[in-house]
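Worksheet for the structure shown next.
No experiment lies behind these values; they were computed from the predicted model shown.
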Amino acid sequence: MPSLRILGTGHAVPDRVVTNDDLAAMMDTSDEWITQRTGIKQRHWVTEGETGIDLASAAVTRAFEMTGLGPTDIDAIIYATSTSDHFAPGNGILLQDAMGFDAIPAFDLRAQCSGFVYSLSMADAFIVAGMFRTILIVGQEIQSTSLDTTTEGRDSAVIFADGAGAVIVQAHDEPSGSAILATDLHGDGQHARELWVDAPGAIYHPRMRADHIGARSFLQMNGREVFRHATTRMPESVEAALAKAGIAAGDLKLLIPHQANLRISELVQRRLGLRDDQVYNNIERFGNTTAATIPIALDECLRTKRLARGDLVAFTAFGAGFLWGSVVLRW
Ligand code: UT7
């Protein structure tokens with residue numbers, strides 16, 4: 001039975017840097033509040049005309065440079081995003097065209113902050129089933145265009161940001177080599193409206209109306225409720241995946257949690273009893289880029305040589321839906 005190996009990664013963010021002081025000029029907030037409550041110091045937001053496909057293409061180009069592969073080596077694209085450039089079709093197929101891939105399957109996976117964990121689990125299923133051998137996974141979001149940058153929207157506006165990460169995975173047949181050891185995926189739709197964007201939507205006639213512009217087209221979040229669930233579900237899910245894999249948390253070389261809020265990552269770390277060197281955070285520089293946080297962080301870890309073949313690694317995420325999950329793998 002083939003196993004999945006991560007061959008290489010890349011990431012890209014917009015050039016425009018938005019600092020906490022920049023936000024304090026737009027709304028009633030402060031660098032002190034944002035730093036203490038979220039750990040974020042700066043994030044990247046697109047400028048008008050910059051697309052999700054631009055960010056993804058730059059991230060994928062870097063992943064190709066790292067792996068020595070190119071578009072003709074890829075058998076399928078799984079594109080995790082909740083903010084595709086257009087209502088339809090999705091960004092996966094737009095990327096296929098933009099980068100000159102063959103006529104391979106390319107589709108969007110919409111699992112918000114859990115998009116990368118879901119995509120990696122799906123790629124593993126494809127590889128283990130023998131359906132595809134080399135898969136490109138992209139996590140990409142442009143959140144800044146759905147943020148309310150007045151004081152009314154400050155709880156979300158200070159957190160969310162834009163970016164893209166790309167991960168190339170490939171099948172191999174070496175026993176005891178790299179492999180996904182366990183996955184643990186969940187969802188609970190009764191909380192869908194705790195973190196959502198109401199409009200535009202296909203239920204409205206027409207889909208986009210003047211009264212949608214403003215609150216209903218902004219990302220709305222019940223921050224405290226999301227925080228409470230995230231800090232329970234993520235450690236619970238990592239523990240379930242570790243138990244399935246037969247591994248103790250202490251044996252992990254690295255946990256890369258979804259970068260939602262540094263306080264969430266720190267609570268997850270504490271609940272799992274992990275040391276500081278076992279958990280990677282970069283939210284200070286990027287903010288919360290939804291499906292892109294884990295692949296961006298993973299790319300930084302690879303480029304700074306934090307991982308070696310054989311290391312045990314875990315990813316965990318929680319977000320809108322609610323959807324959450326974890327993956328444990330042997331690097
Ligand atoms: O990506 C996955 C999904 N998202 C998340 O996981 C995010 C989860 N939630 C959070 O990270 C946090 O709940 C927030 C960062 C959004 C908010 O932090 P908090 O510590 O939960 O603050 P709070 O909502 O309890 O608000 C505390 C106070 C309130 O003022 P009062 O009512 O105590 O006077 C807020 O109005 O802080 C106020 N506040 C702010 N003040 C300055 C809320 N946002 C801001 C802000 N600047 N940006």
Check: [Y] and [X] side chains under 4.5 Å, non-hydrogen atoms:
| X | Y | result |
| --- | --- | --- |
| Gln143 | Leu219 | yes |
| Ile40 | Leu262 | no |
| His258 | Ile264 | no |
| Arg224 | Asn222 | yes |
| Ile137 | Met122 | no |
| Gln278 | Leu254 | no |
| Leu307 | Val313 | yes |
| Val167 | Ile6 | yes |

Can you establish whether the number of heavy atoms outside [X] located under 6.0 Å from its atom [atom1] is more than 12?
| X | atom1 | value |
| --- | --- | --- |
| Arg209 | CZ | yes |
| Met208 | CE | no |
| Glu152 | CD | no |
| Arg16 | CZ | yes |

Q. Can you name the closest pair of heavy atoms from Gln140 and Thr81 and give their distance?
A.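 Scanning both residues completely, I find the closest heavy atoms to be O-OG1, 2.7 Å.
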Q. For the residue pair Asp73 and Thr134, what are the closest heavy atoms and their distance?
A.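 Answer, listing the atom of Asp73 first, then Thr134: O-CB, 3.4 Å.
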Q: Quick one: pull up OG in Ser119 and CD1 in Ile135 and give me the separation to the nearest 0.5 Å.
A: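 Answer rounded to 0.5 Å: 10.0 Å.
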With a 3.5 Å distance limit and no angle check, can you tell me whether [X] reaches the backbone of [Y] through a side-chain donor-acceptor pair?
| X | Y | value |
| --- | --- | --- |
| Gln259 | Pro257 | yes |
| Thr231 | Arg228 | yes |
| Trp324 | Thr316 | no |
| Thr293 | Asn288 | no |
| Gln220 | Ala215 | yes |
| Ser114 | Val117 | no |
| Asp102 | Ile104 | no |

Do we see a donor-acceptor contact under 3.5 Å between the side chains of [X] and [Y]?
| X | Y | value |
| --- | --- | --- |
| Ser84 | Asn91 | no |
| Thr19 | Asp22 | yes |
| Asp184 | Ser237 | yes |

**Q.** Pair Thr183-Ser121, side-chain hydrogen bond (donor to acceptor under 3.5 Å, both in side chains): steps then yes or no
**A.** CA-CA 6 Å; Thr183 60; Ser121 307; 4.6 Å; no
Could you tell me whether [X] and [Y] have a side-chain N and a carboxylate O separated by less than 4.0 Å?
| X | Y | value |
| --- | --- | --- |
| Arg263 | Glu266 | no |
| Arg216 | Asp211 | yes |
| Asp162 | Arg43 | no |
| Glu300 | Arg303 | no |
| Asp277 | Arg306 | no |
| Arg110 | Asp108 | no |
| Glu32 | Arg37 | no |

Q) Can you say whether the rings of Phe318 and His229 are parallel (under 30°), tilted (30 to 60°) or perpendicular (over 60°)? A)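 Parallel.
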Q | Cluster link Leu120 to Leu181, ILVMFWY, side chain under 4.5 Å | A |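 Different clusters.
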Measure from the ring center of [X] to the ring center of [Y] and say whether it is less than 6.0 Å.
| X | Y | result |
| --- | --- | --- |
| Phe116 | Phe315 | yes |
| His212 | Tyr204 | yes |
| Tyr118 | His186 | no |

Q: Check step by step if side-chain hydrogen bond (donor to acceptor under 3.5 Å, both in side chains) holds for Gln112 and Ser82.
A: CA-CA 5 Å; Gln112 297 70 246; Ser82 56; 4.9 Å; no
